[in-house]
Trainee: 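Handing you this structure, nothing more for now.
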Amino acid sequence: MRVTFTVNGREQVADDVWEGESLLYVLRERLGLPGSKNACEQGECGSCTVYLDGTPVCACLVAAGQAEGRRVRTVEGLAEGDRLDPVQEAFAECGAVQCGFCTPGLVVQAHDLIERVGKPSDADIREALAGNLCRCTGYEKILDAVRLAAARKAAAR
Amino acid sequence: MDFLRPTTWEEALAAKADQPEAVPIQGGTDVMVEINFDVRRPVALLDLGNVAELRTWTLADGVCRVGAAVPYTRIIDELGEALPGLAQASRTVGSPQIRNRGSVGGNLGAASPAGDSHPPLLAAGAVVEVASRDGGVRMIPAGEFYLGVKRSALRPDELIRAFHLRPATGPQYFSKVGTRNAMVIAVCSFAVALHPGERRVGTGLGSAAPTPRRAVEAEEFLGRELDWDSRLDPALLGRFGELCAAAAAPIDDVRGTAAYRRHAIAVLARRTLTWAWNDHRGRRAA
Ligand SMILES: Cc1cc2nc3c(=O)[nH]c(=O)nc-3n(C[C@H](O)[C@H](O)[C@H](O)COP(=O)(O)OP(=O)(O)OC[C@H]3O[C@@H](n4cnc5c(N)ncnc54)[C@H](O)[C@@H]3O)c2cc1C
Ligand code: FES
Ligand code: FES
């Protein structure tokens with residue numbers, strides 16, 4: 001089947017989509033957007049997190065056909081040209097990235113938290129990131145990065 | 001595989017009647033896992049995502065009617081006061097991403113004994129509204145909905161439209177045992193709901209029997225013995241825990257042993273009733 005939807009502000013058409021295929025597969029394999037990662041395909045790791053109509057979801061658990069006519073924003077859609085999003089900058093600065101596999105999902109999920117909650121507490125951050133697994137960093141530097149990004153965002157307001 | 005996209009409830013019922021083997025999909029947090037892992041190869045997916053009414057809820061004539069596809073995140077944000085037991089249980093489901101998509105309708109459709117919405121639905125006395133094109137509407141009390149492990153009273157041509165619950169008239173609590181505070185399937189879980197007007201206490205057990213179920217004898221015991229104007233008698237509390245544990249019929253599995261589950265149900269039952277009772281007494285004193 002054909003699926004037409006908006007990805008990072010541009011209309012995209014994917015053809016020959018199998019009806020049981022996930023949104024994640026379409027993004028990575030059909031639209032050439034490999035930013036969202038495929039690690040577990042069962043909602044456990046969060047590395048495939050994307051915005052669907054403004055809400056963060058696991059792209060591996062959305063059937064491609066469910067995205068028809070909807071808006072998707074992936075990690076590729078956060079930066080403006082060469083200017084990284086403040087969350088991405090903070091991750092790089094704080095050393096919150098090691099192998100980087102978990103990073104795109106964490107960045108999208110943290111981006112959403114900071115949009116919704118002005119000054120997130122540590123408990124808010126932990127709760128928001130509870131569905132994103134990282135095997136490398138031990139999470140401390142990820143927490144640092146989210147705190148930094150949130151503080152900068154609050155200062156810029 | 002077909003991908004069916006009804007945009008109205010009538011269209012959805014017609015599609016299900018014409019093709020009863022079509023698998024409904026809402027949040028997809030159960031369905032897609034099964035497809036990704038090749039556990040299930042449905043002949044058709046019936047996407048309910050464009051049936052807008054399924055994502056709405058109303059409060060009228062003293063009853064809350066919640067559409068099958070309202071995600072957990074919205075139950076937490078919008079219905080925490082009216083349905084506190086269900087909102088507490090919703091907070092424990094998966095992760096934020098899962099709660100943004102997953103729904104009570106999907107939890108009912110899956111009818112897993114470990115589903116977290118079931119104990120609070122049972123304790124608060126929810127009714128499930130299902131319908132089919134040819135059979136019309138059926139209102140099924142939660143206690144009659146679960147028939148076996150992942151089996152429910154839903155017929156092949158039926159869809160779940162909503163569930164109905166009275167807004168809480170007393171304290172409600174849910175508690176769940178798991179290895180982590182997020183992303184856990186319950187080892188076992190328990191919900192309690194006080195109905196002070198009727199001097200009745202509702203219960204719900206999760207992951208402790210082939211189906212979610214009430215601890216009916218424990219409820220009847222409290223109905224007889226509980227003095228609603230006094231402190232909670234420790235002996236009575238202990239007996240309540242025992243009767244709730246006796247209502248369980250758990251199994252040994254990777255998440256825990258039957259003996260542990262029975263023990264934990266007694267602990268959760270005592271704990272949640274104590275929390276609820278403290279609120280009840282506090283409210284009366286205030
Ligand atoms: C990582 C992860 C963690 C999870 N953690 C939990 C947890 O902590 N607690 C918990 O209870 N569950 C958990 N789940 C399971 C799942 O999220 C829940 O069961 C959720 O409520 C399913 O809702 P859904 O809308 O996504 O259902 P879907 O996957 O869309 O559907 C589930 C089932 O219901 C049927 N169905 C859906 N809508 C209807 C309808 N309107 N009428 C008839 N049948 C219908 C489907 O055909 C399917 O059989 C988890 C899942 C994942 C992937
Ligand atoms: S790949 Fe989607 S959550 Fe792991
Ligand atoms: S940086 Fe390697 S998984 Fe997180």
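This is a predicted model, so every value here is computed, not measured. Order of the sequence lines fixes the chain letters, A, B, ..., with proteins taken first and strands second; residue numbering starts at 1 for each chain.
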Trainee: So does A/R2 have more than 12 non-hydrogen atoms from other groups sitting under 6.0 Å from CZ?
Mentor: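 No, the 6.0 Å shell around CZ holds no more than 12 heavy atoms from other groups.
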Trainee: Where does B/L45 contact chain A at under 4.5 Å (heavy atoms): side chain, backbone, both or neither?
Mentor: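 Contact with chain A involves the side chain of B/L45 alone.
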Trainee: Side chains of B/Y173 and B/D279: is there a donor and an acceptor less than 3.5 Å apart?
Mentor: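 Result is yes, a qualifying pair exists.
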Trainee: Mind ranking A/Q42, A/E41, A/Q66 by heavy-atom pairs under 4.5 Å with chain B and telling me who comes out on top?
Mentor: A/Q66
Trainee: So which part of A/S22 gets closer than 4.5 Å to some heavy atom of chain B, the side chain, the backbone, both or neither?
Mentor: both
Trainee: So for A/L24, is it side chain, backbone, both, or neither that comes closer than 4.5 Å to the heavy atoms of chain B?
Mentor: neither
Trainee: Which atoms of A/R70 are under 4.5 Å from chain B, going by heavy atoms: the side chain, the backbone, both sets, or neither?
Mentor: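 Contact with chain B involves the side chain of A/R70 alone.
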Trainee: Please check this pair: side chain of A/Q109 against backbone of A/A128, looking for a donor-acceptor N/O pair closer than 3.5 Å.
Mentor: yes
Trainee: For chain A, which of B/I35, B/T29, B/I25 has the most heavy-atom pairs under 4.5 Å?
Mentor: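 Of the candidates given, the most pairs with chain A belong to B/I25.
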Trainee: So for atom OH, which belongs to B/Y260, do other residues, nucleotides or ligands contribute more than 12 heavy atoms lying within a distance under 6.0 Å?
Mentor: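 Counting neighbours around OH of B/Y260, 12 or fewer heavy atoms of other residues, nucleotides or ligands fall under 6.0 Å, so no.
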Trainee: With the threshold set at 4.0 Å, does a side-chain nitrogen-carboxylate oxygen contact exist between A/R30 and A/E21?
Mentor: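 A salt bridge links A/R30 with A/E21.
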Trainee: Do A/E115 and A/K153 meet the salt-bridge criterion of a basic N to acidic O distance under 4.0 Å?
Mentor: yes
Trainee: Heavy-atom distance under 4.5 Å to chain A: side chain of B/D30, backbone, both or neither?
Mentor: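 Contact with chain A: none, neither part.
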